[in-house]
Amino acid sequence: MNLHKLTSRLCPKATQKFRHLHIQSSGQQLEAVAVETASAEANPLSVFRTSERDPTYHSEGHSGQYYTLPPTHIQKLFPYGLPPRFQLQIKTFNEGCVMVRPPALELISYLKRADYSKPPLRYVLYGDIGTGKTMSLCHALHYCYSQGWLIVHVPDAHLWVKNCKELLPSSSRPSRFDQPIQASQWLKNFKITNERFLSKLKTTQRYVWTKRESTEKGQPLGELIDQGVNRMKSSSDVVGAVLRELRLQAGGATEGEGAFKLAVAVDGVNALWGKTSLKKEDRTMPEELTLIHNLRKMMKNNWSGGAILTALSQTGSVFKPRSAYLPSELLGEEGFDNMEPFVPVSVSNYNEKEFESCYLYYLDRNWLQHPHSRSEEGKKELIFLSNKNPSILERLCAFL
Amino acid sequence: MAASGCRGVRSILWKYGSCGKNFCVSRSKTVPQLPVRQICVSSSLWKKNLAAAGPQKFTQEFIDKQVEEFEVGKRHLANMMGEDPETFTQEDIDRSIAYLFPSGLFEKRARPVMKHPDEIFPKQTAIQWDAEGRPFHFLFYTGRQSYYSLLHDVYEKILAIERHQDKMRNKGLFTSETKQILLTGSRWLLKEEIEEYLVENISDHDYVRLIQLMEKLLSMPYCSLEEEFILKFRKQLEAQSSKHEIPALQYDPQGVAFSVADGRRKTAKASITLRDSGSGNITINGRNYLHCFPLLQDREQLMFPLHFVGMLGRFDIEGSVEGSGHSAQAGALRLAISRALLSFVSEGEVERIRQAGLLTADPRIRERKKPGQEGARKKFTWKKR
């Protein structure tokens, strides 16, 4: 019962009709296999797709259907925010399609109904490995972006807690440690995502970086960020400063130009209170990391005018067993106390309808090349082998 | 097979023993009597070079004495075990010996055994020449007298059938549709079995010739005359599938059918309950099988029996497994699932499943490390000096 591994046939057809603009095609790994056939144009509303592109209008009726992410949004909002496999899929299929699923819908409905004059609500997406927590988070984030919020997105907090090449002692405080590379990277992404806000927001106090450099009060936020990007040494402190500014100004002006809502999205939030695998040069564990410290302050709900969306993640976590997926297990005691109270949203495997829809999507994209996979038998095999787990199904179909 | 009616065998046994006994005196006086056709005993050891043992290591008297002792011993054993000596069968003997002399040896043939001497002492050819050294059999100097005499017998039968055919033709009663011998479900005896039957070594070439001759006999229309003779050289094949015991189908209080089965592979033991009218959920040791077997290969192993029968989404499986590694656990579960499936499936399907190899327990286990070597096979570094 060996499922044959066929290499995906690369046959770019002559007529490639583009429904939308090219998204980032660096042409590194995969060539575009997807072909916009005439039939797809003819019936735009196939069973598994919806033409509704705005997450604001997604509702229960759309549950199980795929909607297309506009490529401009992908470029702006998710330079590194999407899961790596999904990014590969976007490149292959030439479009980014996300399935509308109940957890994301739930989250969006909470966001719609929340009161933003009060301290922000914390939402925690939890679930088994590969059930779609990160994707639901991105879906909700897309909603926030289309509503015009300011996005603070940490794609994976685990990256800040392990495998750091450089670890510098902090310039401002003696006991803390900086991670310049990660901080500057994050600042660049932040800049891309929130272009339009950078000129509007102003700093509220004076920041001194070194003896010669400082940022005055009232400077636009863009300058602060440029400061951090250019001067790697102080980038972590810049991150802290930016977060602080945003916290102060989020709920401040309710009308006028300065009004904005802040969405803080952290994936792998259990990294903030877990152990680090980093070591100093003399091989001892650092006590405090600047980035982590600042993020933790962000997680507290002592500000107003926004929402905190988080997702737990076991895959990147250090020192956690594979079977742990509940918030209490992954966050640990300290994390749980800090995060409480929060709204838990559970994410589970596909149900029948969602599986059907995913299967049809792959068929439509010609992703399932093996002739047996198009039959009923093949579908049953797929159901059995993946147990309707999204990530396992995706990996399985990848070599069919 | 050999004990009953071996007419073809000519192992001639003198009534007189080879070591001189009180019969020696009468030997010189009387003419050597006609050979007594003795029933040959069967050998319990395969591949033993019977012919090379040489004629008659054990005398007939010795063997008779052993038989007497065996009978007496059997009665003693029956008394010891408190059973009726008259109806004490060989199975009872085996059971009693296993009880009285428990042995932990792995090799079954090394354990204490009490069997009829016919089964223990190998078949042997008797002395084939008389006092003056003249052989009895006319084919003695071929070196393989039993084999060639068998060939002669078969050819005689062929000639007899041909004569019979001619007679029928003369009478005008010749028909080609005569009763045919049923040969399905049986096979020719193997070379080793023929060797045992003839108490002689034969080569592959000889064996092939013998089979060809038998086939020629079979090709004649009136071969049913010699049916008895031919069937002596055929062995019945047992239908394998009848050996598998099918676990009983039990019913829930709700009326849902389920069956329980076990499976083992390489120190991993699995036991499962297969429930009908489910939806393809599999729970192992309380956890989802996706957690237990993150590897695709293991899940494919679990899928194999259900997919083969075509009942993928129909059953719910809950099971427990322990021991060994993930691959062995998957194999144990697969065997357990196949066995449990037997009760939900028809007879023909059972045979198909058996032929697919789903019901065979994988006998491979970890090979023992030997002294003087690194591992089971790996040797220490070989140094020339």
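Residue numbers start from 1 in every chain, and the chains themselves are labelled A, B, ... in the order their sequence lines are given, proteins ahead of strands.
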Counting heavy atoms not belonging to B/K108, are there more than 12 under 6.0 Å from its NZ? no
How many angstroms lie between CG in A/L385 and CE in B/M303, if you round to the nearest 0.5 Å? 4.5 Å
Comparing A/I129, A/N349, A/N387 against chain B, the one with the most heavy-atom pairs below 4.5 Å turns out to be A/N387
Under the salt bridge (charged side-chain N to carboxylate O under 4.0 Å, His left out) rule, collect the residues that match up with B/R352, sequence neighbours excluded. B/E349
Measuring heavy-atom distances to chain A, does B/L306 have an atom under 4.5 Å in its side chain, in its backbone, in both, or in neither? side chain
Is B/N288 close to chain A through its backbone or its side chain, or both, or neither, when contacts mean heavy atoms under 4.5 Å? side chain
Which donor-acceptor pairs under 3.5 Å do side chains of residues 255-273 of chain B form with protein atoms, sequence neighbours excluded?
from, atom 1, to, atom 2, distance (Å)
B/S259, OG, B/A340, O, 3.0
B/S259, OG, B/S343, OG, 3.4
B/R265, NE, B/D362, OD2, 3.4

Heavy-atom cut-off 4.5 Å, strictly under: side chain, backbone, both or neither for B/Y289 against chain A? side chain
